[in-house]
Colleague: 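The structure under discussion is supplied below as structure tokens; questions concerning it will follow.
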Amino acid sequence: MGACMALCSLASCASCLCGSAPCLVCGCCPSSNNSTVTRLVFSFFLLLGTMVSVIMILPGMETQLRKIPGFCQGGTTILGIENQVKCDVIVGYKSVYRMCFAMACFFFLFSAIMIRVRNSRDPRAVIQNGFWFFKFLILVGITVGAFFIPDGAFNSVWFYFGLVGSFIFILIQLILLIDFAHSWNKIWVGNAEETQNKCWFAGLLSFTVLQYVLAFSAVVLFYIYYTQPDDCTEHKVFISLNLIFCLIISVVSILPKIQEAQPHSGLLQASLISLYTMYVTWSAMTNNPNLRCNPSLLSLVLHANTTQPSASPDSGHVQWWDAQGIVGLIIFLFCTLYASIRSSSNAQVNKLMQTEEGTGYGGEGVVGEDGVRRAVDNEEENVTYSYSFFHFHLCLASLYIMMTLTNWYQPDTTTQAMQSTMPAVWVKMCSSWLGLGLYLWTLIAPLIFPERDFS
């Protein structure tokens with residue numbers, strides 16, 4: 001009897017894995033829309049690959065693998081068994097490059113397949129919203145194949161792909177943060193007006209002040225620890241410019257003309273963008289190869305001497321885990337989850353992100369003939385988001401994860417070492433400037449084009 005029940009349960013799961021609608025998540029979220037569940041599952045694929053990459057790059061992982069008898073080349077052996085596995089490839093930055101290469105290829109493949117899907121009646125929508133087991137097999141297959149790519153120029157070439165993709169992804173993160181702040185402000189102001197409860201306004205004011213305090217405290221710390229009186233000119237320019245730009249967008253966001261055109265714009269959004277800009281500035285400065293301008297967090301905590309000369313490029317010293325990388329992963333996780341469940345009414349952001357105006361969650365999930373609760377198909381007339389752009393976004397996210405986990409270091413093909421480089425610094429700074437310009441444009445666009453609807 002128990003075996004029969006197990007078989008029935010397995011058959012139910014199989015219908016979810018191979019069917020045309022995702023129902024595994026619907027057991028927990030019976031009111032979910034098909035579009036939301038699909039994005040969550042694809043995001044789970046990305047997070048799963050990220051977890052594997054984190055495990056692969058953990059310090060000491062190669063040493064532990066070499067202890068397994070008969071596994072690693074050059075490790076302990078078992079009589080009659082020849083070690084075949086190159087453990088320096090399956091762990092460390094090489095493994096992260098290959099894992100993220102596989103994820104980028106997987107999502108780029110689906111981005112190409114899903115171009116111009118208009119509604120769920122398109123045959124390709126069935127592929128988008130189902131067949132999860134086969135998708136997982138495809139991802140595993142691409143990943144296994146990626147580990148057979150010879151070193152050669154692969155690492156160096158893929159590094160520059162990572163730079164470009166991460167540059168674009170940082171902009172997408174900024175757009176998502178703008179949308180989040182806009183929705184946050186609109187909801188809390190609406191609640192305050194409906195309930196006549198001033199606590200909502202007090203909450204908005206508190207978070208706005210907190211974010212500005214953190215942002216300007218960061219500026220002070222940057223000047224203290226990331227500049228020198230006779231050095232670090234680039235850092236002084238970066239910090240000063242971004243401070244000026246943050247002040248500009250803050251002032252512009254509360255101008256009467258801007259408030260008239262966009263009643264929901266204000267200092268909450270500007271403070272969040274300012275704080276994110278300071279994070280990107282900090283992240284850029286930590287990639288400066290000049291150690292006088294780039295003290296490690298450990299040296300700051302221990303008050304170590306930060307005026308030592310720069311390390312030799314051939315030293316191969318690599319610091320995989322640092323504070324800015326951990327913060328970057330946290331922001332990445334938040335933006336990935338938010339991109340999967342967002343339901344925005346911001347027309348400008350929806351146009352940039354290729355999504356429709358949010359309509360919230362649908363009705364109750366539909367129970368099929370097999371007794372399995374399935375998600376509501378809310379895309380029979382029109383898709384609520386661009387399938388192709390969503391996958392392209394996850395493709396860029398894979399490249400961003402690759403750069404974040406490897407600390408934006410550049411592989412050296414001659415020494416097999418990893419080095420901090422100035423191109424990574426400039427990529428981050430340019431993305432922060434372009435992002436600030438994009439936010440400024442969202443503020444002034446309704447004044448320049450009054451005939452258009454920017455609500």
Side-chain angles (χ1 to χ4, degrees), residues 159-178 211-212 214-228 231-250 252 270-297 300 310 319 322-332 335 396-397 399-410 418-442:
F159 168 79
Y160 288 103
F161 272 93
L163 279 182
V164 176
S166 299
F167 172 82
I168 302 173
F169 184 76
I170 289 174
L171 295 179
I172 293 177
Q173 278 195 147
L174 184 61
I175 293 172
L176 290 172
L177 289 174
I178 293 173
Q211 288 168 167
Y212 272 124
L214 292 175
F216 289 114
S217 298
V219 171
V220 175
L221 294 175
F222 294 163
Y223 276 120
I224 294 174
Y225 294 110
Y226 289 89
T227 63
Q228 298 290 335
D231 201 356
C232 312
T233 304
E234 298 94 340
H235 286 191
K236 296 173 185 176
V237 173
F238 294 158
I239 299 168
S240 301
L241 281 179
N242 278 354
L243 174 60
I244 294 171
F245 292 154
C246 289
L247 290 173
I248 290 174
I249 63 170
S250 299
V252 171
S271 65
L272 182 60
I273 300 308
S274 298
L275 184 58
Y276 180 73
T277 299
M278 291 307 157
Y279 158 72
V280 176
T281 306
W282 173 43
S283 179
M285 293 189 297
T286 58
N287 282 113
N288 193 329
N290 182 359
L291 294 186
R292 291 195 68 204
C293 308
N294 178 17
S296 67
L297 185 63
L300 295 179
S310 299
Q319 180 186 356
D322 62 0
Q324 69 86 15
I326 295 173
V327 174
L329 283 177
I330 294 173
I331 296 175
F332 157 78
C335 289
L396 297 176
L399 297 175
Y400 176 78
I401 280 298
M402 179 185 79
M403 300 303 292
T404 300
L405 290 180
T406 58
N407 234 0
W408 294 71
Y409 289 142
Q410 181 176 11
M418 299 289 282
Q419 307 171 16
S420 293
T421 58
M422 287 305 293
V425 176
W426 286 106
V427 164
K428 293 181 180 181
M429 292 309 305
C430 290
S431 65
S432 72
W433 295 333
L434 190 57
L436 287 168
L438 186 63
Y439 176 64
L440 183 62
W441 171 253
T442 63

Colleague: Closest approach of F167 and C430, non-hydrogen atoms and distance?
Modeller: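 So the minimum-distance heavy-atom pair works out to CE1-C, 3.8 Å.
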Colleague: For the residue pair Y400 and F169, categorise the inter-ring angle as parallel (less than 30°), tilted (30 to 60°) or perpendicular (more than 60°).
Modeller: tilted
Colleague: Looking only at non-hydrogen atoms, find the nearest pair between L174 and G435 and report the distance.
Modeller: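 Heavy-atom minimum between the residues: CD2-CA, 2.9 Å.
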Colleague: Indicate the atoms forming the closest heavy-atom contact of A284 with M429, along with that distance.
Modeller: CB-SD, 3.6 Å
Colleague: If you measure from CD on Q211 to CG on L275, what distance do you get to the nearest 0.5 Å?
Modeller: 6.0 Å
Colleague: Looking only at heavy atoms, which two atoms of M402 and G162 are closest? And how far apart?
Modeller: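 Shortest heavy-atom separation between M402 and G162 comes out as CE-CA, 3.7 Å.
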Colleague: Just verifying a value: how many Å separate K428 NZ and S283 OG, rounded to the nearest 0.5 Å?
Modeller: 2.5 Å
Colleague: Partners of Y160 by ring-ring contact (aromatic ring centres under 6.0 Å, His included), sequence neighbours excluded?
Modeller: none
Colleague: Got a second to check how far C232's SG is from Y225's OH, nearest 0.5 Å?
Modeller: 14.5 Å
Colleague: Mind telling me whether W282 and Y279 have parallel, tilted or perpendicular rings, with 30° and 60° as the class edges?
Modeller: perpendicular
Colleague: To the nearest 0.5 Å, what is the distance between OG (S250) and CD1 (I273)?
Modeller: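 Rounded to the nearest 0.5 Å, the OG-CD1 separation comes out at 10.0 Å.
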Colleague: List the atom of S432, the atom of T277, and the distance in Å for their closest heavy-atom pair.
Modeller: CB-CG2, 4.4 Å
Colleague: Assess, by modelled atom type and distance only, whether the side chains of T286 and Y226 contain a donor and an acceptor separated by less than 3.5 Å.
Modeller: no
Colleague: Show, in sequence, the C-alpha distance, side-chain angles and deciding distance for V425 and E234, and conclude whether the side chain to side chain contact (heavy atoms under 4.5 Å, CB included) test is met.
Modeller: CA-CA 10 Å; V425 176; E234 298 94 340; over 6 Å; no
Colleague: Does the side chain to side chain contact (heavy atoms under 4.5 Å, CB included) test come out yes or no for H235 and F222, once each step is laid out?
Modeller: CA-CA 8 Å; H235 286 191; F222 294 163; over 6 Å; no
Colleague: Go through Y276 and I170 one step at a time and tell me if the side chain to side chain contact (heavy atoms under 4.5 Å, CB included) criterion holds.
Modeller: CA-CA 10 Å; Y276 180 73; I170 289 174; 3.5 Å; yes
Colleague: From S217 OG over to L221 CG, what is the distance, rounded to the nearest 0.5 angstrom?
Modeller: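 These two atoms lie 6.5 Å from each other.
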Colleague: Do any side-chain atoms of residues 239-249 form donor-acceptor pairs under 3.5 angstrom with protein atoms, and if so which ones, sequence neighbours left out?
Modeller:
from: S240; atom 1: OG; to: Y223; atom 2: OH; distance (Å): 2.5
from: S240; atom 1: OG; to: K236; atom 2: O; distance (Å): 2.8
from: N242; atom 1: OD1; to: W433; atom 2: NE1; distance (Å): 2.8
from: N242; atom 1: ND2; to: T281; atom 2: OG1; distance (Å): 2.6

Colleague: State, with a plain yes or no, whether a side-chain heavy atom of L171 is found less than 4.5 Å away from one of L438.
Modeller: no
Colleague: Is the CZ atom of F161 crowded by more than 12 outside heavy atoms at less than 6.0 Å?
Modeller: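 No, CZ of F161 has 12 or fewer neighbouring heavy atoms, counting only those of other groups under 6.0 Å.
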Colleague: Quick one: CD1 on I401 to CG on L396, what's the gap to the nearest 0.5 Å?
Modeller: 12.5 Å
Colleague: Of all the heavy-atom pairs spanning C293 and N288, show the shortest one and how long it is.
Modeller: CB-ND2, 4.1 Å
Colleague: Which residues satisfy the ring-ring contact (aromatic ring centres under 6.0 Å, His included) test with F159, sequence neighbours excluded?
Modeller: none
Colleague: Please lay out, stage by stage, how F238 and W426 fare under the test side chain to side chain contact (heavy atoms under 4.5 Å, CB included).
Modeller: CA-CA 10 Å; F238 294 158; W426 286 106; 3.7 Å; yes
